[in-house]
2 protein chains.
Amino acid sequence: MFEVPRLKLRPGTGNYSKGQARVVEILEAALDVLLDEGYQALTMRRIAKACGITVGNVTYYYKSKDDLVRDLLTGVLESYMDIFDHIASDTTKTAEEKFVTVIRLLLEDITSKKTTHLFPQLWALSNHDPFIAECVDEMYTGARAVLNRMIPEINPNLSEEEQKLVALFVSASIEGMTVFAGYNKPWRPHMQQIEGIAAKSLLDCVKNITSEDINRFRDKDFSLDDSPSAPK
Amino acid sequence: MFEVPRLKLRPGTGNYSKGQARVVEILEAALDVLLDEGYQALTMRRIAKACGITVGNVTYYYKSKDDLVRDLLTGVLESYMDIFDHIASDTTKTAEEKFVTVIRLLLEDITSKKTTHLFPQLWALSNHDPFIAECVDEMYTGARAVLNRMIPEINPNLSEEEQKLVALFVSASIEGMTVFAGYNKPWRPHMQQIEGIAAKSLLDCVKNITSEDINRFRDKDFSLDDSPSAPK
DNA sequence: AAAAATATAGGTCAATTGCCCTATATTGGG
DNA sequence: CCCAATATAGGGCAATTGACCTATATTTTT
């Protein structure tokens, strides 16, 4: 099974070899803390402890916690881009086969502790932190780029905008499984069956969806007639 | 449009009418802070300020912050159950019509600030907080109960376990849109088209899925052959 | 080997946070 | 109207946190 490399980091951070290695250790330790204990536990002192060094040493490499977190997130999100590059490079399969492979790959990745614990945290943070929101958005745009190349091969009858909406739906559907069938989640044992449902359902979606389906609710105001409580 | 009541709270908290009202004010203020500024900003002092009272007064009603948060979450999650009850009570429509209505209702709800900001936060917290995990799980179980009643009517050829897996897939697919097309999210303007895709795709899924589809990958170990980097 | 550059430890500080305590004000029933 | 129950304010305290500073140790260069 293909695994996401844990971390990608910018080169040339420390100047001595010891410093270079230390930066890696710090970021790895920070990621461990984030995944194991959550964002609230991600403090300079906790990172230092997980790394076996002192707080003063951590602040030597990162003057502010914000810098450290940014470096950590950009690094960890870049590591995910490798999955997409890997998939995109495959030329032996048909578009439909590749599509199913992508779906299964993403769903398998979701079951890892790293993905299950990292992404919900990023989703939460991105609601109030524009920088994180941008990082995450950029990564998902990269993820959908793979789908955007396969979908027109499977179904040529969609406009570019419609095709991109379908790619979004597919990607978002998959991400939604994280909370339910991710690492240590109640439905995790059934992920193989979920893969079966997703593969069939999402491939059929791409193959059969029409412009009429997509625009079925256009300009229609959706409301329920007998609300039990009046809107505020 | 049917809206979720903001909050449901346990009766009999304060003993004078002023105290009763105060508890509501505190929880409403806490929810405001949580939605507007995120979980990190949810402090006793911030809540007191948003409520126009002192910290001492807040601690009078809630001895610990944990108590307050628990009360807030159980209250706010209970308020979501009202949606499901509302849907379940509808008897005028066919199962398929109801199914599409449920999908659209949930997707519309996702576009509210409350849902977009609350749930990712809960997903993140539930990874490290068993109590929150249980609350959230309980709520989603209630949500799927509605689907579990409709799906056998639409497709009687599924075993109970398979049918529940399909309900999970439908529910998770919808939740996945939160991050992409929720309140203030990039794809929010296209939610109506996403509703079209989801309605078509998920209804077709329920109608057409077979046991063979679901168990297609059973006992097959999934792996990519030409991984660019070796697994650790 | 000396010197310069880099790395590390340990201490300090102000700000924040949850929680507690006490004095005062307000409410509502007798 | 008065008194007990309830509500509120304000202060304080120990713990935590990010950031900073200085002295010492280690590594690399010359």
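By convention in this document, chain letters (A, B, ...) are assigned in the order of the sequence lines, proteins followed by strands, and residues within each chain are numbered from 1. What you see is a predicted model, and the numbers here were worked out from it, not measured in a lab.
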Within a radius of less than 6.0 Å around CD of Q40(A), do more than 12 heavy atoms belonging to other residues, nucleotides or ligands occur?
-> yes
Can the ring centres of F169(B) and F180(A) be said to be less than 6.0 Å apart?
-> no
Starting at the 5' end of nucleotides 24-30 of chain C, put B wherever the base has a protein heavy atom under 4.0 Å, S where only the sugar-phosphate does, and a dash everywhere else.
-> --SBS--
Across all chains, not counting sequence neighbours, the side chain to side chain contact (heavy atoms under 4.5 Å, CB included) partners of D137(A) are T141(A), P186(B)
Review item, nucleotides 1-3 of chain C N/O atoms under 3.5 Å of protein N/O:
none

Would you tell me if any nitrogen or oxygen in the side chain of N57(A) comes within less than 4.0 Å of OP1 or OP2 on dA7(C)?
-> no
Cationic tip of K65(B) above Y39(B) ring, under 6.0 Å, 45° of axis | yes
Is the distance between the ring centroids of Y140(B) and Y80(B) less than 6.0 Å?
-> no
To the nearest Å, how far apart are K49(B) NZ and dT17(C) C1'?
-> 15 Å
Residues in ring pair (Phe, Tyr, Trp, His ring centres under 6.0 Å) contact with F131(B), at least two apart in sequence or another chain = none
How many Å lie between OH on Y39(B) and P on dT17(C), as a whole number?
-> 13 Å
Expected rows: protein N/O vs nucleotides 14-18 of chain D N/O, under 3.5 Å:
{"from": "dG18(D)", "atom 1": "OP1", "to": "K65(A)", "atom 2": "NZ", "distance (Å)": "3.0"}
{"from": "dG18(D)", "atom 1": "OP2", "to": "M44(A)", "atom 2": "N", "distance (Å)": "3.0"}
{"from": "dG18(D)", "atom 1": "N7", "to": "R45(A)", "atom 2": "NH1", "distance (Å)": "2.6"}
{"from": "dG18(D)", "atom 1": "O6", "to": "R45(A)", "atom 2": "NH2", "distance (Å)": "2.9"}

Does Y60(B) make a side-chain N or O approach to OP1 or OP2 of dA7(D) shorter than 4.0 Å?
-> yes
Could you pull out all residues at least two apart from A30(A) that satisfy side chain to side chain contact (heavy atoms under 4.5 Å, CB included)?
-> L42(A), I47(A), L68(A), L72(A)
Is the closest side-chain donor-acceptor distance between K113(A) and N127(B) under 3.5 Å?
-> no
In whole angstroms, how far is the C1' atom of dT8(D) from the CD1 atom of I26(B)?
-> 11 Å
